[in-house]
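None of these values were measured; they are calculated from a predicted model.
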Amino acid sequence: MLEIEKLSVSYGTVQALQEVDLKIAGAGVLHGVIGPNGAGKSTLLDAVSGRRRPTAGAIRYRGENITRRSVAWRRRRGMARSFQRTNIFQDLTVREQLALVAWRLRDDRVEDVIEVMDLGDYLDEKAGRIAYGVQRRVDVALALIGRPQLLLMDEPGAGLSAEETLRLFEHVRELIRERGIAAVVVEHDVDAVFACCGVVTVLDLGRHLATGAPAEIRADKRVITAYLGSAA
């Protein structure tokens with residue numbers, strides 16, 4: 001689905017990513033990205049989604065080099081993104097904004113998104129008045145409309161309790177399996193990542209440190225030294 005080769009991104013003299021190589025598998029896989037603050041996790045999503053131009057390297061999506069493609073082009077080709085900050089319409093009901101985005105993206109099949117994201121009880125509530133955890137589910141639901149093939153999520157658990165984050169991850173895991181979507185999630189809650197992600201990548205100081213199954217990453221001495229040991 002996605003292949004990243006020698007990807008580097010700089011902010012002036014600061015090297016945020018340094019020659020990162022990474023492959024994201026296809027349908028139904030939730031791929032977690034973890035690492036210390038400043039590891040380059042959000043920068044990686046910015047580069048993949050087209051919001052940050054790489055200084056070197058290549059990004060291939062479904063076999064095509066998209067390194068210089070725009071955000072809009074990537075969205076039209078099936079790449080969607082959710083952000084750390086909730087990006088919803090506060091004064092619209094949940095139903096209205098789901099319908100608006102569905103109309104814009106010509107997707108008339110959103111019932112399964114509503115069901116799996118457990119939004120049925122909130123459809124006629126204004127988004128600004130519902131609990132923050134539900135707002136986060138609405139945010140992810142909006143990204144899932146249009147039937148993307150690749151979903152990028154930047155800290156969907158930000159501001160949520162550990163229990164809420166795990167519940168959100170379980171919703172997303174179920175939906176991407178049902179729809180055959182590949183998903184990449186950056187998240188600080190490592191327990192939720194290890195519980196729900198099939199593959200985990202660790203970044204440290206802008207470099208790729210390790211990729212593997214959750215059990216492998218938990219046992220990796222480099223990861224323990226760089227991140228998990230201090231996180232524990």
Side-chain angles (χ1 to χ4, degrees), residues 1-26 29-75 77-85 87 143 148-158 182-190 192-194 197-214 216-218 220-231:
M1 180 64 71
L2 185 72
E3 185 174 5
I4 296 166
E5 296 179 349
K6 304 296 181 185
L7 188 68
S8 297
V9 177
S10 297
Y11 298 96
T13 59
V14 177
Q15 193 82 353
L17 289 177
Q18 302 180 55
E19 297 188 340
V20 171
D21 290 325
L22 185 62
K23 291 183 179 181
I24 305 299
V29 177
L30 184 56
H31 190 129
V33 179
I34 62 175
N37 290 332
K41 304 183 296 296
S42 293
T43 299
L44 177 68
L45 292 195
D46 285 343
V48 171
S49 62
R51 288 172 171 81
R52 174 64 57 176
R53 184 65 61 87
T55 52
I59 302 169
R60 289 184 173 82
Y61 172 58
R62 299 167 62 193
E64 180 177 358
N65 191 323
I66 65 166
T67 311
R68 303 297 172 182
R69 294 291 191 179
S70 69
V71 173
W73 186 94
R74 297 178 205 215
R75 185 66 173 99
R77 295 307 190 279
M79 187 182 295
R81 166 120 187 236
S82 68
F83 295 86
Q84 291 183 30
R85 292 186 61 186
N87 187 28
Q149 294 183 320
L150 176 63
L151 174 64
L152 308 172
M153 294 177 289
D154 195 356
E155 296 192 29
V184 181
V185 57
V186 165
E187 181 56 57
H188 280 293
D189 189 331
V190 294
V193 170
F194 287 138
C197 292
V199 182
V200 179
T201 288
V202 185
L203 299 181
D204 184 38
L205 298 176
R207 293 185 179 275
H208 175 269
L209 184 61
T211 292
E216 296 171 340
I217 297 301
R218 278 187 183 276
D220 192 307
K221 293 181 178 179
R222 298 168 301 165
V223 176
I224 294 170
T225 299
Y227 184 48
L228 294 183
S230 60

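- The two residues Ala183 and Leu150 have their closest heavy-atom pair at N-CD1, 4.5 Å.
- Taken from CZ in Arg51 to CG in Leu45, the straight-line distance is 10.0 Å, to the nearest 0.5 Å.
- Between atom CG of residue Asp154 and atom OG of residue Ser49 there is a gap of 9.0 Å, rounded to the nearest 0.5 Å.
- Using a distance-only test at 3.5 Å, with no hydrogens or angles considered, a donor-acceptor pair links the side chain of Lys41 to the main chain of Pro36.
- Within the 4.5 Å cutoff, side-chain heavy atoms of Leu30 are placed close to those of Met153.
- By the side chain to side chain donor-acceptor pair (under 3.5 Å) test, Glu19 is found to be paired with no residue, residues two or more places apart in sequence or in another chain being considered.
- By the side chain to side chain donor-acceptor pair (under 3.5 Å) test, Asp46 pairs with Arg81, sequence neighbours left out.
- The closest donor-acceptor contact from the side chain of Ser8 to the backbone of Thr55 lies at 3.5 Å or more, if one exists at all.
- Pairs engaging residues 200-213 under the salt bridge (charged side-chain N to carboxylate O under 4.0 Å, His left out) rule: none recorded [sequence neighbours left out].
- Contacts of Asp220 classified as side chain to side chain donor-acceptor pair (under 3.5 Å), with partners at least two apart in sequence or in another chain: Arg222.
- The side-chain contact (heavy atoms from CB on, under 4.5 Å) search around Arg69 returns Glu64, Ile66, Trp73, Arg74, not counting sequence neighbours.
- Qualifying side-chain contact (heavy atoms from CB on, under 4.5 Å) partners for Ala58, counting only residues two or more places apart in sequence or in other chains: Glu5, Arg60, Asn65, Thr67.
- To the nearest 0.5 angstrom, Leu22 atom CG is 5.0 Å from His31 atom NE2.
- Among all heavy-atom pairs drawn from Ile59 and Ala47, the shortest one is CD1-O, 3.3 Å.
- The side chain to side chain contact (heavy atoms under 4.5 Å, CB included) test with Val9 is passed by exactly one of Leu44, Val20, Leu17: Leu17.
- A donor-acceptor pair under 3.5 Å is formed between the side chain of Glu187 and the backbone N or O of Gly157.
- Side-chain contact between Leu2 and Val48 is present, with at least one heavy-atom pair separated by less than 4.5 Å.
- The CD1 atom of Ile217 sits 6.0 Å away from the OG1 atom of Thr211 when rounded to the nearest 0.5 Å.
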Original post:
Which is it for Tyr227 and Leu209 under the side-chain contact (heavy atoms from CB on, under 4.5 Å) test, yes or no, and what are the steps along the way?
Top reply: CA-CA 10 Å; Tyr227 184 48; Leu209 184 61; over 6 Å; no
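- The two atoms that bring Val193 and Gly32 nearest to each other are CG1-CA, 4.2 Å, heavy atoms only.
- Ala80 is linked by a side-chain contact (heavy atoms from CB on, under 4.5 Å) to Arg75, Ala143, Pro148, Leu151, counting only residues two or more places apart in sequence or in another chain.
- How far CD of Gln149 is from CE of Met79: 10.0 Å, rounded to the nearest 0.5 Å.
- With sequence neighbours left out, the side chain to side chain donor-acceptor pair (under 3.5 Å) criterion links Thr43 to Tyr11.
- Interatomic distance, OH of Tyr61 versus CD1 of Ile24, reported as 12.5 Å (0.5 Å rounding).
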